Amino acid sequence: MLSSRIIIKIYTMNTKKILIGLALLLAFPTLSSAQIDENKKDFRTKESCTSIMVGKKATTDGSVITSHTCDSWYRTWMKMVAAKDYANDTVTAIYDGRMHTQTPGDSTNVKIKGTIPQVKHTYRFLDSAYPCLNEKQLAMGETTISGRDTLQNKKGMFMIEELARIALERCSTAREAIKLMGELVKKYGYGDSGECLTIADKDEVWIFEIFGEGPKKIGGVWAAIRIPDDEIAVSANICRISKIDTNDKANCMASENIYKVAKDLKLWDGKEEFSFWRAYSGGNYFGEKKNYSVREFFIMSTLAPSMNLSDTVEDLPLSVKPDQKVSVEMVSNLLGSYYEGTEKNLSGRLLIPNPKYKDKDKEGNIVEGQPEKIVSSFANPWMRPDEIDTYKAYANDEAMNNIRTVSVPWCAYSTVIQLRSWLPDEIGGVAWVALDNPGESPRFPIFCGNTELPKLLGTCGQHVEREDAALWHYRKANRLATVRWGKYRSMIEKGQKYFLDKGQRELPFVEKLYQNESDSTKKAELLNGYTTDFFHATIMRWDNIASDIWRQTWTGF
């Protein structure tokens, strides 16, 4: 058995490695998950983002839900951008590089790729690394699906985050957004790798997947499928769309070149039944000829166990009907999942002798029911490759290999966005936001009607530790708790549940206050104040958790 002194030494060594890794990331601030070598042993960060979509008849309250975990080295500052009116003949810039800025006014390494005509009026929207919500209850999640390298053409003007931004500024429904993005890509070109946006409004949710046309054309090829109202869907860095029925206008939209590009690039022979993912992606990030991997299968199987889904097939259904209605809390918990209770739970494999095994009571009798072995308090679901190798050698467990969990510690932020048609847009749309690891951080609300955000959300915490960045108030407690997850997880999990319960308990009261108020300025002040109070309550709780852990570890971890 490893002694506590050896374990502490291991963690000390790993802390040095973390610091070295942070230094490298600071030296290369524009490194994205898609750029990481898939052949390297530590493939944890090469996959970025998970999105769960839920139709309005599949939710507990009739809302439409989309979500997003931004799992990479992207900015964590957020801002509400006000609605604006523009004069005729105004143009607007299309940018590249805003994903890694430190504040809204930071233009370091930001480039203008071109300009397009501005519209007369733009909507207010939440400007996150991937813009995600506007004042009309139009919302988006995102996952990078890469696809074939031969499809990308970097000369295209639009990266996916800028497509999302322009659509949120100009559109009020998912269909409008999809149509506009298709038109923009056709005219100005798409310069990103393969991407997926999970686009929702207060009535429906769509999955939108897009690729370039290859090195000779700067356009784009895309498809969008409407998720049935009574079903859920998942996108997690793999092209999910299979069959395309362009005649079904109610449930399918696609670029007019969808078949031609596949034929011209010899990705489809024109004879076999056309499959979007087979043509433009070819498989998952493990090189398997599948339109899914662990995360999609786990989430869909968890929500629809009666489907008896199989992970041996090539085509996992794009969407399924859940066995029970899905809530915001359920989506939040799934985004925070690490497969606990299943054989894929990495931390559950690290077993040590139970000190209470064969304990005796006052009469000297052995206490029954105590297991011979228990999970080590040092085991955590997000162990680094060097930790895994150490424990694998100690336990002689060759099956103890790194498995990408849904929640990851390199997450910048995550959102669960619910959209509700029966309420005014300003209060009907709410993004439940968490910074850092969604498996450890609390969520706070940002409404469509917010006109400003707490000051701590105006600074990115990715580049340096700083008290004026909200990220670090969560990250400190989360990292400390992870060191001895078995001991400190209860502090984190109780806090998460408290704020999820608080939000759902208080929301009806806030909605009533908002609708009873007639003054528009006071309405905005109500939402701004509630978000600020809620947000600072999470900050205070997580600061206290970090302080409590430090106090309890005066003899060492």
Side-chain angles (χ1 to χ4, degrees), residues 14 17-18 21-22 24-25 31-38 40-52 67-76 99 128-130 141-146 196 234-238 284-286 292-299 302 331-340 342 344-348 379-388 400-416 433-443 461-462 471-472 474-483 485 489 492-493 496 542:
N14 284 336
K17 292 180 180 180
I18 292 172
L22 285 172
L24 289 172
L25 284 168
L31 180 67
S32 72
S33 59
Q35 293 171 301
I36 295 175
D37 186 354
E38 293 187 10
K40 290 182 179 179
K41 189 172 186 180
D42 186 2
F43 60 85
R44 300 183 309 159
T45 57
K46 81 177 179 64
E47 311 148 30
S48 53
C49 309
T50 304
S51 178
I52 300 172
S67 59
H68 175 215
T69 62
C70 185
D71 298 337
S72 196
W73 187 258
Y74 293 134
R75 65 169 166 95
T76 58
M99 305 281 279
S128 44
Y130 291 95
E142 178 275 345
T143 74
T144 300
I145 56 177
S146 297
C196 168
V234 184
S235 176
N237 308 126
I238 297 167
N284 64 22
Y285 41 74
F286 289 121
Y292 65 98
S293 188
V294 179
R295 282 173 286 160
E296 295 92 345
F297 183 79
F298 170 77
I299 293 171
T302 299
V331 175
S332 298
N333 290 333
L334 283 168
L335 292 183
S337 169
Y338 48 83
Y339 315 132
E340 189 169 31
T342 76
K344 296 187 183 299
N345 177 18
L346 184 65
S347 58
N380 74 77
W382 309 287
M383 288 186 282
R384 298 177 299 277
D386 51 351
E387 291 179 275
I388 295 170
M400 190 174 181
N401 293 310
N402 192 3
I403 298 176
R404 159 68 202 243
T405 47
V406 182
S407 65
V408 291
W410 60 88
C411 179
Y413 68 91
S414 63
T415 58
V416 178
V433 180
L435 273 63
D436 199 56
N437 187 348
E440 296 181 294
S441 291
R443 295 193 178 276
Q462 296 284 39
L471 177 70
W472 279 95
Y474 304 112
R475 181 166 284 175
K476 287 179 181 179
N478 292 347
R479 296 301 180 272
L480 287 171
T482 303
V483 174
W485 183 242
R489 62 180 290 182
I492 293 289
E493 291 171 346
Q496 285 183 300
W542 256 244

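Note that these values count all heavy atoms, side chains included, but never hydrogens, waters or copies made by symmetry. Positions are given from 1, in the same order as the sequence printed here. Note that this is a predicted model, so its numbers are computed, not measured.
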Less than 4.5 Å apart, side chain to side chain, heavy atoms only: is that true for [X] and [Y]?
X    : Y    : value
W485 : M383 : no
L471 : Q462 : yes
Y74  : S128 : no
R479 : P409 : yes
Y474 : N437 : no
I492 : W542 : yes
L334 : V406 : no
I403 : L346 : no

Exercise for the section: Output all residues satisfying side-chain contact (heavy atoms from CB on, under 4.5 Å) with E340, sequence neighbours left out; order by chain, then residue number. Expected result: Y338, N345, R489
Give a yes or no on whether the backbone of [Y] and the side-chain of [X] come within a donor-acceptor separation of less than 3.5 Å.
X    : Y    : result
S51  : S67  : yes
E387 : A379 : no
W382 : W410 : no

Handout entry: N478 and D436 side chains, donor-acceptor separation under 3.5 Å
Key = yes
Exercise for the section: Verify whether one side chain among R295 and S337 offers a donor that lies under 3.5 Å from an acceptor in the other. Expected result: no
Can you tell me how far apart [atom1] ([X]) and [atom2] ([Y]) are? Round to the nearest 0.5 Å.
X    : Y    : atom1 : atom2 : result
T482 : R475 : OG1   : CZ    : 11.0 Å
S347 : Y339 : OG    : OH    : 12.5 Å
F298 : R404 : CZ    : CZ    : 13.0 Å
T76  : W472 : OG1   : CH2   : 10.5 Å
S414 : H68  : OG    : NE2   : 9.0 Å
T69  : L335 : OG1   : CG    : 6.0 Å

Minimum-distance pair of heavy atoms, taken over all atoms of [X] and [Y]:
X    : Y    : result
Q496 : P442 : CG-N, 4.3 Å
A129 : M99  : O-SD, 3.0 Å
V294 : K344 : CG1-CD, 3.8 Å
S72  : A412 : O-CB, 3.6 Å
P381 : T405 : O-CG2, 3.9 Å

Problem - Intermediate values then yes/no, side chain to side chain contact (heavy atoms under 4.5 Å, CB included), S441 and L435 - result: CA-CA 7 Å; S441 291; L435 273 63; 5.6 Å; no
